[in-house]
Amino acid sequence: MITRKIAYLIQACGYRAHHIAAVTFTNKAAREMKQRVGSLLQGSPSRGLTVCTFHHLGLKIIQREAQALGRKSGFSIFDDQDSKALLKDLLLDHSDAAANLVDICQQQISNWKNSCLSPAAVVGTAESPQEERIVELYRRYEQALTSYNAVDFDDLITLPVQLLESNEQVRERWQNKIRYLLVDEYQDTNTSQYRLVQLIVGNRGKLTVVGDDDQSIYSWRGANPENLVQLEADFMGLKVVKLEQNYRSTNRILRAANTLIDNNPHIYDKKLWSEKGLGDTIQVVQVSNEEAETERIANQIIEQKLQRGARFKDFAVLVRSNHQSRLLELKLQAKQVPYHLTGGTSFFARGEIKDIMGYLRVLVNPDDDSAFLRIVNVPRRKIGISTLETLGQYSTERNCSLFAAIGELGLQQRMPEANYTRLQKLGDWFKALQRRVDNGYAMQAVREMVDDIDYLGWLHQNSSSTAVAERRMENVHFLLTSVAKGLLPKGSSTASRETDDEEALADRSAIVEDEDIEDEEQSSLEEVIKKLLLRDLLDQQSEEQADDKAQIMTLHASKGLEFPHVFIMGFEEDTLPHRNSVEDDNIEEERRLAYVGITRAQQTLTLTIARQRKQFGEMLQCQPSRFLEELPAEDLHRNGFSDGDDGAANAVKAKQTLDSLKGLFD
DNA sequence: AATCCTGGAGTTTTT
DNA sequence: CTCCAGGATT
């Protein structure tokens, strides 16, 4: 929808590509859209077209308007873990340690931000001492971020909103730059994102959004599907077009999807249909355990590939949560099925990646205390807690960052000579590297940095085996390659880059007429690190290598994508719907998640269920998902259900047996 | 300051 | 089963 409309705007309405922006929610969806636009627009100029995530658009705005926001350009982006660590620190001062208090606070603060509520705005609203403390924490959290010259993910939306709201000149600049805005998956927008949309569109109404309230799966992130309805009130002359013909799936798959989602309430009613014929029955496979489940999936991929003459990349395995992919990976490796795993925080959660990212962050933003603390004694520099405490006190007094405090004159008197010297050495080393970066030798400086600290040696020292150390170093190299690629002048690596290259050229002329917003992306180290922090660059790189590979991803990550053959793994109670959602009484969103998964399939769909699986090291009995019974029986082919009778009934029986057993012990 | 040990806690989903 | 924080030991 969006890509066709972009083509129409350019080819029929005479819009220049650099006046059009399309935003999505995930990097993957943005890349997919870019690709489709590219092939649709062959011949027409697509240079300067903006297709990116909401967060990336926000980043662009902050980047360009850093001055107006009072930020230095090297600012760091704190990810979830960073901000959690910061909150933990701030809470620790209060010597308060409820187990999940940090999570609660993080959630609350994020909710406030997503609703565009500043600390000042919520200060009077606290209804309990606990809430009051969170408000106070929020204030100090914001303060800390500012002093670290850092922003968190939510800020990438809220800061542009604040700026565009308060600064007319800036607002006009961006309204002039983006003359037509398109938003995909509109049901997933939250309050701050909707505000951003309103501010960019202004009252000209040059806006197209596509949304499906049945695919709203981000409510935990503040998404508000009511925003779809709100549009009718906010934009006069809004035209609503209902799209019910589906061009992707067979009718069996659509029937299953329709029947399932009928169990939910709807904002808009719709019935999907397609001209693709009835299609294959949906396979429901029950096996004894999680091992057999992955075995079955792997075998099916191999078998069907032969039978149907399909490619590996035609197969996708969708999971509810990331950890489910681990076993599957092992099995696919064993069976020599090439696969590609999308997303997951796993890569950035690795210690070695956090270390090197820490170094990179300090390199581009010395004020990033969080990054500094991570790397100051890794590898060991004999800079320990006592030294850091003194440094911390001093930096607080001087109202500067830890790194800046190293260079302050009075520090020497506060600590033993040896400790002071070690700090100086570290500071000087970093400054030298920074100079190399500034002089245009960024990549050399980065490689030198990793060599200087002998990170390989450190890994060998701290890994259980040389094999593990080598694996970790490989990850580091992967990261460094990504940085190198990001730094490369545009146009040299891939086909998709070539368009960027011409884009940049075409834009130079555009800069003049569009005031000073350039679309050309700098390839500075700063820029590259930010892209890394937005999880974009790495995905991009690994996707480039993903030629003919089976795809593994979460249901969330699969939205907006399509595959000829889809497996949904773990179609069980407590997995889908997830146990936490059952507890929170949030079944509807889980149902939508299943709906999203089912509607990814073009030709075949297979649901797998294990009778038992190991969790936390102990065997658990599993029962089929309640959603199974909400699918049309005539479209399902059940496989491996004992005595061919209803698996759900079996599961109920099993549960009853289990309950009665429990009763014996009680 | 670094290393080893123990116990406890934890697995939704993304930028 | 795995990852962590915190404590005790070297």
Side-chain angles (χ1 to χ4, degrees), chain A residues 23-30 52-59 77-85 88 92 97-100 102-103 107 110 113-114 151-158 185 188 190 192-193 216-223 290 318-327 342-346 348-351 376-388 418-419 422 461-462 530-536 539 553-560 570 574-584 586 589-590 592-594 596-597 613-620:
Chain A
V23 290
T24 64
F25 280 83
T26 62
N27 291 314
K28 201 174 175 57
C52 64
T53 62
F54 258 108
H55 289 85
H56 214 285
L57 178 65
L59 175 62
I77 300 170
F78 272 32
D79 70 12
D80 226 42
Q81 292 190 351
D82 295 326
S83 71
K84 183 175 282 182
K88 206 179 271 181
L92 222 62
N100 56 354
V102 179
D103 297 281
Q107 186 68 49
S110 181
K113 287 194 174 195
N114 287 331
V151 301
D152 66 14
F153 279 139
D154 297 324
D155 287 334
L156 292 175
I157 311 295
T158 54
E185 310 282 9
D188 289 333
N190 58 35
S192 60
Q193 287 160 336
S216 164
I217 54 176
Y218 285 102
S219 67
W220 47 274
R221 213 167 78 179
E290 76 273 20
L318 309 183
V319 295
R320 171 67 239 262
S321 22
N322 283 306
H323 73 267
Q324 287 177 272
S325 65
R326 277 181 63 174
L327 262 178
T342 311
T345 47
S346 51
F348 277 88
R350 292 171 186 280
V376 65
N377 206 23
V378 175
R380 304 286 172 237
R381 294 189 179 88
K382 302 202 166 182
I383 299 174
I385 301 169
S386 56
T387 308
L388 287 175
N419 296 357
R422 290 186 199 114
Q461 228 177 79
N462 289 280
K530 287 196 185 94
K531 273 199 181 172
L532 280 173
L533 290 165
L534 270 185
R535 307 286 186 263
D536 191 17
D539 291 351
M553 65 188 77
T554 62
L555 288 161
H556 284 87
S558 75
K559 198 158 64 141
D574 291 349
T575 300
L576 181 67
H578 192 273
R579 174 178 302 162
N580 295 356
S581 299
V582 178
E583 278 164 17
D584 301 348
N586 199 7
E589 179 141 321
E590 296 290 309
R592 289 193 290 268
L593 209 43
V596 166
R613 60 175 76 238
K614 220 186 228 173
Q615 235 164 25
F616 304 130
E618 76 186 316
M619 234 8 146
L620 287 183

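In this text, all values refer to a predicted model and were calculated from it rather than measured experimentally. Order of the sequence lines fixes the chain letters, A, B, ..., with proteins taken first and strands second; residue numbering starts at 1 for each chain.
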Residue met sooner reading DNA chain B from 5', once A:T387 and A:Q615 are mapped to nucleotides: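 Final value for this comparison: A:T387.
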Is the phosphate of [N], meaning OP1 or OP2, less than 4.0 Å from a side-chain N or O of [X]?
X      : N      : result
A:N322 : B:dT14 : yes
A:T554 : B:dT14 : yes
A:N27  : B:dT14 : no

Protein-nucleotide distance ([X], atom [atom1]; [N], atom [atom2]), rounded to Å:
X      : N      : atom1 : atom2 : value
A:E185 : B:dT13 : CD    : C1'   : 15 Å
A:R613 : C:dC1  : CZ    : P     : 17 Å
A:L576 : B:dT12 : CG    : P     : 15 Å
A:L555 : B:dT14 : CG    : C1'   : 14 Å
A:W220 : B:dT15 : CH2   : P     : 9 Å
A:M553 : B:dT15 : CE    : C1'   : 17 Å
A:I157 : B:dT15 : CD1   : P     : 12 Å
A:R221 : B:dT12 : CZ    : P     : 17 Å

Would you compute the distance between atom OG of A:S581 and atom CD of A:E589 and round it to the nearest 0.5 angstrom?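 So the OG of A:S581 and the CD of A:E589 are separated by 7.5 Å.
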Nearest 0.5 Å please: distance from the CZ atom of A:R613 over to the CG atom of A:L620.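 Separation between the atoms: 9.5 Å.
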Does the plane of the ring in A:Y218 sit parallel, tilted or perpendicular to the ring in A:F25? Use 30° and 60° as the thresholds.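 Ring orientation of A:Y218 relative to A:F25: parallel.
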Under 5.5 Å centre to centre and under 30° between planes: does that hold for A:H578 and the six-membered base ring of B:dT12?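 Yes, A:H578 stacks on the base of B:dT12, since the ring centres sit under 5.5 Å apart and the planes are within 30°.
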Centroid distance under 5.5 Å and plane angle under 30°, A:F25 vs B:dT15: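 Aromatic stack with B:dT15 absent for A:F25.
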In terms of side-chain heavy atoms of [X], which of [options] is nearest?
X      : options                : result
A:R380 : B:dT13, B:dT14, B:dA2  : B:dA2
A:R326 : C:dT2, B:dT12, B:dT15  : C:dT2
A:F153 : B:dT15, B:dT13, B:dT12 : B:dT15

P spacing across the pair C:dC4 / B:dT13, given as an integer number of angstrom: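 Looking at atom P only, C:dC4 and B:dT13 are 16 Å apart.
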Test item: A:D188 side-chain N/O and A:A223 main-chain N/O as donor-acceptor pair under 3.5 Å: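 Pair absent, no side-chain N/O of A:D188 close to backbone of A:A223.
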From the options A:D154, A:D80, A:N190, select the one residue that forms a side chain to side chain donor-acceptor pair (under 3.5 Å) with A:S110.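 Exactly one option meets the side chain to side chain donor-acceptor pair (under 3.5 Å) with A:S110, and it is A:D154.
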Walk me through whether A:L59 and A:C52 qualify under side chain to side chain contact (heavy atoms under 4.5 Å, CB included). CA-CA 11 Å; A:L59 175 62; A:C52 64; over 6 Å; no
Scan A:F54 against the nucleic acid and name what it touches under 4.0 Å (heavy atoms): base, sugar-phosphate only, or nothing.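 Nothing: the residue A:F54, judged by heavy atoms under 4.0 Å, touches no strand.
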Classify the nucleic acid contact of A:N377 as base, sugar-phosphate or nothing, counting any heavy atom under 4.0 Å across all strands shown.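 Sugar-phosphate contact only.
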Can a donor-acceptor pair under 3.5 Å be found between the side-chain atoms of A:R320 and the base atoms of B:dT13?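 Counting by modelled atom types and ignoring angles, a donor-acceptor contact under 3.5 Å is found here.
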